[in-house]
Number of protein chains: 2
Amino acid sequence: MRGNLFAVAVDLVILTVREGVLSTLLVRRGVAPFLGELALPGGFVLPHEDLLDSAARELVEETGLTITGHHLEQLASYAAPDRDPRGRVLSVGHLALVPDLPEPQAGSDAAASAWYPVAEVGHLAFDHDRILAAGVERARAKLEYTTLAATFCPPEFTVSQLRGIYEAVWGTELDPRNFQRKVTNTPGFLVPTARKVSTGRGRPAQLFRRGEATSLHPPMLRD
Amino acid sequence: MRGNLFAVAVDLVILTVREGVLSTLLVRRGVAPFLGELALPGGFVLPHEDLLDSAARELVEETGLTITGHHLEQLASYAAPDRDPRGRVLSVGHLALVPDLPEPQAGSDAAASAWYPVAEVGHLAFDHDRILAAGVERARAKLEYTTLAATFCPPEFTVSQLRGIYEAVWGTELDPRNFQRKVTNTPGFLVPTARKVSTGRGRPAQLFRRGEATSLHPPMLRD
DNA sequence: CCAAAAGTGTTTATAATACACCCATGC
DNA sequence: GCATGGGTGTATTATAAACACTTTTGG
């Protein structure tokens with residue numbers, strides 16, 4: 001085997017939609033390097049861990065969320081020779097899509113973490129702004145041709161909530177009526193539940209759960 | 001820094017279309033482990049190298065091709081704890097799309113390498129069959145919504161040649177007349193050259209070069 | 001009743017498919 | 001001339017966008 005060895009870390013782009021705004025979970029670093037700067041949550045891969053397991057562990061530590069029902073995928077790896085002043089560290093970026101969660105509580109493991117609107121995020125520690133950009137780009141692309149938008153929603157949700165996800169992630173407005181037909185006519189996208197929900201004003205909306213389908217033909221966005 | 005360190009390798013899925021068949025470059029391993037088995041070309045990342053540079057170097061060593069004008073992108077990383085019997089090795093898979101090249105010459109650096117039709121590839125060393133599958137899947141997906149098919153072609157090519165790429169990669173038949181209009185009407189996909197080429201029978205075909213466009217709206221394949 | 005949001009039906013514009021047809025070459 | 005592949009025009013069909021309209025709630 002060769003002598004040039006790397007430390008391997010996983011870093012997480014955890015996205016959600018809070019109050020109509022695409023947001024990501026960031027941590028304020030408490031140790032050098034980049035002490036005091038914002039960074040993606042992450043950590044080193046343990047001796048007997050695979051990459052996705054390591055990312056799932058970090059996700060639980062940061063959000064309390066287990067993977068079940070949520071989305072976690074690998075993004076890309078970053079290993080520029082000078083990306084970490086401590087030496088050669090390869091970071092495997094991951095993307096997680098989660099429903100709207102309460103702000104992380106002080107006193108917990110994730111005391112230093114908080115949600116930030118993606119559009120307002122400035123420079124991050126290491127090359128984490130590149131990883132964040134890759135995660136947002138991937139999320140946008142995947143909404144187009146998969147049913148992944150529903151992973152941003154709670155277990156039961158309305159068509160309006162789902163539409164809000166698309167509008168927040170893409171920054172566009174969609175016609176509620178055409179959107180409704182599009183998603184309800186896509187086999188396997190939405191499973192109607194027995195319940196309706198009344199959101200104050202207007203006619204109560206049907207509640208849905210995620211369906212089995214994962215790919216979307218035809219795609220959601222048309223240029 | 002942490003004590004659990006990894007060796008980092010890059011492995012390449014190099015795809016081309018030879019005689020209408022999607023094919024990949026594989027090497028017969030000359031050293032343990034997996035001695036004598038087929039594997040993806042690749043090697044360890046050097047001390048001051050970034051990942052893409054390392055992959056580009058391997059590509060040159062295997063094919064003699066420089067990246068200029070060709071396509072090379074990162075696929076994903078693989079780091080299952082038991083994927084290499086020598087210890088913990090993280091492999092960063094890469095995807096290269098290249099035009100049809102002559103069979104590698106005996107006596108060169110790449111003496112042990114040869115082209116194999118993707119459909120006929122059986123089990124590979126390490127977890128390389130997973131990486132190959134990921135590369136083929138990515139290539140198929142990218143043809144759908146990018147102009148990448150042209151990177152399989154020589155610098156100047158006809159619409160028929162380009163259509164042959166799509167048919168080989170997807171295993172479908174496309175209507176030559178509608179295909180022609182589709183690609184010639186997509187702004188920035190093809191740049192006509194001054195020349196035509198006569199391929200024996202039939203009317204000579206216009207020669208094209210790759211255009212500047214990279215994305216394809218609307219996509220090429222419709223379910 | 002009115003406002004507001006949910007949900008349906010219908011028209012219209014646009015794009016994809018199928019395929020008839022013409023063009024330019026080799027033999 | 002005729003076979004062969006290159007290339008264009010057009011009718012048909014499927015799809016998406018626009019929007020009028022009905023439904024069901026709270027006040």
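Keep in mind it's a predicted model, so treat the numbers as computed, not measured. Hydrogens, waters and symmetry mates are skipped; everything else that's a heavy atom, side chains included, is used.
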Residue whose closest nucleotide on DNA chain D lies nearer the 5' end, R181(A) versus G202(A)
R181(A)
With sugar-phosphate meaning primed atoms plus P, OP1 and OP2, does T199(B) contact a base, only sugar-phosphate, or nothing at under 4.0 Å between heavy atoms?
nothing
Any side-chain heavy atom of Y78(A) within less than 4.5 Å of one from F126(A)?
no
What's the closest nucleotide to the side chain of A205(B) if the choices are dC21(C), dG6(D), dT8(C)?
dG6(D)
Test side chain to side chain contact (heavy atoms under 4.5 Å, CB included) applied to R210(A) and L190(A), step by step
CA-CA 5 Å; R210(A) 297 199 60 191; L190(A) 299 179; over 6 Å; no
Rounded off to whole Å, could you give me the NE2-to-P distance for the H217(B) and dA15(C) pair?
14 Å
When the distance from CD of E173(A) to P of dA5(C) is rounded to whole Å, what number comes out?
13 Å
Can you tell me the distance, in whole Å, between the CD atom of Q180(A) and the C1' atom of dT22(D)?
13 Å
Would you say the ring centroid of F179(B) lies under 6.0 angstrom from that of Y166(B)?
yes
Return the nearest nucleotide to the side chain of S198(A); candidates are dG7(C), dT8(D), dG26(D).
dG26(D)
Quick one: label S160(B) by what it contacts on the DNA or RNA (base, sugar-phosphate, nothing), any heavy atom closer than 4.0 Å.
sugar-phosphate
Side chain of R203(A) (C-beta onward), nearest among dT24(D), dT4(D), dT25(D)
dT24(D)
Mapping R201(A) and N178(B) onto DNA chain D by nearest heavy atom, which one lands closer to the 5' end?
N178(B)
Checking side chain to side chain contact (heavy atoms under 4.5 Å, CB included) for the pair V45(B)/S54(B): CA distance, chi angles, key distance, verdict?
CA-CA 6 Å; V45(B) 176; S54(B) 185; 3.8 Å; yes
Quick one: M220(B) CE to dA15(C) P, roughly how many Å, whole number?
16 Å
E61(A)/R57(A) salt bridge by N-O under 4.0 Å criterion
yes
Whole-Å distance between dG6(D) C1' and R195(B) CZ?
18 Å
Out of dG7(C), dC19(D), dA17(D), which has the shortest distance to the side chain of K182(A)?
dA17(D)
Whole-Å distance between dT12(D) C1' and R177(B) CZ?
15 Å
Rounded to whole Å, the CG-C1' distance (N185(B) to dT8(D)) equals 11 Å
When the distance from CG of L207(A) to P of dT25(D) is rounded to whole Å, what number comes out?
14 Å
Which nucleotide in the set dG7(D), dT25(C), dG7(C) lies at the smallest distance from any side-chain heavy atom of Q206(A)?
dG7(C)
